[in-house]
Amino acid sequence: MTNSLQMYLSENKSRQLDELVEWLRIPSISTEAAHKGDIMQAAEWLVNNMRTSGLDHVELIETDTHPLIYGDWLHAGAEQPTILIYGHYDVQPVDPLDLWETPPFEPTVRGDDLFARGASDDKGQTFIHVKAMEALLQTVGTLPVNVKFIIEGEEEAGGAALDAYLPNHTDKLAADLCLISDTGILSPTQPLITYGLRGMWSGEITVTGPTSDLHSGVYGGAVHNANQALAELLAALHNEEGHVMVPGFYDNVEELSMEERQEMARVPYGEAELKNGTGVPAAYGEADYTIVERAGSRPTLEINGMWGGYIGDGFKTVIPSQAHAKISCRLVPNQDPDRIGKLIGDHLQSLAPDTITVDIQERGGGSPAFVAPIDLPEIKAAARAYQRVFGIEPVFKREGGSIPVVVDFQKALGTPVVLLGFGLPDDNLHAPNEKFHLPLFYKGIETVIAFMEEMGGRGS
Ligand code: BES
Ligand code: MN
Ligand code: MN
């Protein structure tokens, strides 16, 4: 890195942070219709910022849902690779609001952390890329590689707009590599390369007993309680060891290679860290797999919500007519989301007693898992970039979370995908008090610059 670049970065730290804070003030919640205007405002804000940062052809692309944002800088020469940078400017809802120490859209610095909804997922991490380009263009005047940005406003809501846009704009988005900062590293000092993401299937179960709620004194004992029947069905989905009991669920799931298990064994995270980080009294799950393996490379079925009957103040002796559950699966390679949904539906129907009926609605938008080869040249370049900035080699692991568009990029554009994350395990993603560790905002900018230099053949 040149001296002038180094100087620029240190002199502009607080201004770049101020800009991020301004962007984070806009409550761009994609899943809530009331925030449609805020989404638009957040999109326009980024368009302006990308323009003043020196990117070309910056445009707001209207869609049926929320806008996409494009921008590029393509003057590195045809012999240099083109990197497509993806991120999302939408954020998750904020409830429960009363658990936030400071309001989610009043970004607040406490210690080294910036607290706000979207600080880490994913406005803060997306902004790293914009500010890395700005720093290079304002000092060196050029980038080591060609760059395109495609930023979406509904990742947290299923990503329909980008899904529809991608296959029809493969020329415009054509690139040699897709680069995404929407994952995390292990600690402020230990970088991590995420080389896999789990896929996803989700749906909703409704159990119906009587046509209307009943008095439990008049009918109790003679009709099957819908809450009880739902609990019985859900309880049958796992055995005591945490295996999913849906027949066919593990068909084609490949065992981890020795090499992968060895890589993941280097990740210094086990039961103690899990207990410490989550407050659980003990770890759960498949005994044959380590914690890192269970939460990153094994498929799961989770009950995300369940409700039915009376849950208000006091007490009501009722037999509910209906009970509901939202469930979702994290999927690994070779599990097809549609097939998994069908297996779950068939299994629940086969378990259902004749005292109730069961209905399963798929939520749609399921996505397959992603795994990249660890020895991909682009991943090696990412490892060198982390090493240069953090002074320590990254460890490698698969992440349990999902970024469905990753597989779509691979398919539509035929590019490898590199996940260059800067979040931390305790960033409180999707939860109250989401934060971004500010040293990683600044190191992120340096790492993106180092990665571009590595990709442009100018590693140093
Ligand atoms: N950035 C996350 C994915 C993620 C989660 C990466 C945890 C690293 C650690 C992304 O915004 C996200 O939340 N994805 C959703 C899926 C989406 C379809 C709602 C997820 O994983 O639940
Ligand atoms: Mn995200
Ligand atoms: Mn998210």
Side-chain angles (χ1 to χ4, degrees), residues 24 28-32 42 65-66 85-94 104 116-129 150-163 178-187 191-203 267 269 277-278 292 295-297 299-302 304-305 326-332 337 362-372 396-409 417-432 434-437 440 444:
L24 287 168
S28 49
I29 304 173
S30 55
T31 52
E32 293 175 0
T65 42
H66 299 312
I85 293 163
Y86 162 85
H88 63 94
Y89 66 88
D90 64 318
V91 302
Q92 281 275 329
V94 296
R117 172 58 89 227
S120 177
D121 183 14
D122 183 42
K123 282 172 166 170
Q125 296 204 58
T126 298
F127 204 52
I128 282 175
H129 292 270
I150 185 79
I151 310 296
E152 76 166 312
E154 54 191 271
E155 192 269 349
E156 307 287 11
L162 185 53
D163 259 6
C178 177
L179 180 64
I180 302 178
S181 296
D182 193 19
T183 53
I185 60 175
L186 216 57
S187 78
L192 162 80
I193 290 191
T194 300
Y195 66 95
L197 294 161
R198 286 192 289 195
M200 179 112 150
W201 174 88
S202 55
V267 178
Y269 190 94
T278 63
V292 169
S297 63
T300 66
L301 191 167
E302 299 290 341
N304 306 117
K326 287 182 193 282
I327 62 172
S328 63
C329 293
R330 295 288 171 171
L331 307 177
V332 301
E362 299 202 26
R363 196 179 65 134
S367 65
F370 158 80
V371 179
F396 289 77
K397 88 177 210 0
R398 293 205 218 164
E399 168 60 52
S402 310
I403 308 176
V405 77
V406 166
V407 175
D408 302 329
F409 278 128
V417 178
V418 170
L419 301 169
L420 200 71
F422 302 102
L424 286 176
D426 64 353
D427 273 354
N428 301 320
L429 305 186
H430 297 197
E434 178 177 349
K435 60 138 177 90
F436 195 21
H437 191 58
L440 294 179

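Both counts, for ligands and for their atoms, begin at 1 and track the order of listing.
At a heavy-atom cutoff of 4.0 Å, ligand 1 is contacted by the side chain of R330 but not by its backbone. At a heavy-atom cutoff of 4.0 Å, ligand 1 is contacted by no atom of D122, backbone or side chain. Residue contacts with ligand 1, taken as heavy atom pairs separated by less than 4.0 Å, do not involve Q92 at all.
At least one N or O atom of S402 sits closer than 3.5 Å to an N or O atom of ligand 1. Inclusion of E155 in the set of residues having an N or O under 3.5 Å from an N or O of ligand 1 is warranted. Ligand 1 has an N or O atom lying under 3.5 Å from an N or O atom of H430, backbone or side chain.
The protein non-hydrogen atom at the shortest distance from atom 6 (C) of ligand 1 is D182 O, 3.2 Å. Looking from atom 18 (C) of ligand 1 to the surrounding protein, the closest heavy atom is P404 CG, 3.8 Å.
Backbone or side-chain N, O or S atoms of D182 reach the Mn ion (ligand 2) at under 2.8 Å. Residue E155 does not count as close to the Mn ion (ligand 2), with no N, O or S atom under 2.8 Å.
A donor-acceptor pair is defined here as one N or O able to donate and one able to accept, closer than 3.5 Å; no such pair exists between the side chain of D182 and the backbone of D122.
Put simply, the angle at the Mn ion (ligand 3) from NE2 in H430 to OE2 in E156 is close to 110°, to the nearest 10°.
The closest approach of H88 to the Mn ion (ligand 2), by N/O/S atoms, is made by NE2.
Between the side chains of E399 and T183, not a single donor N or O lies within less than 3.5 Å of an accepting N or O.
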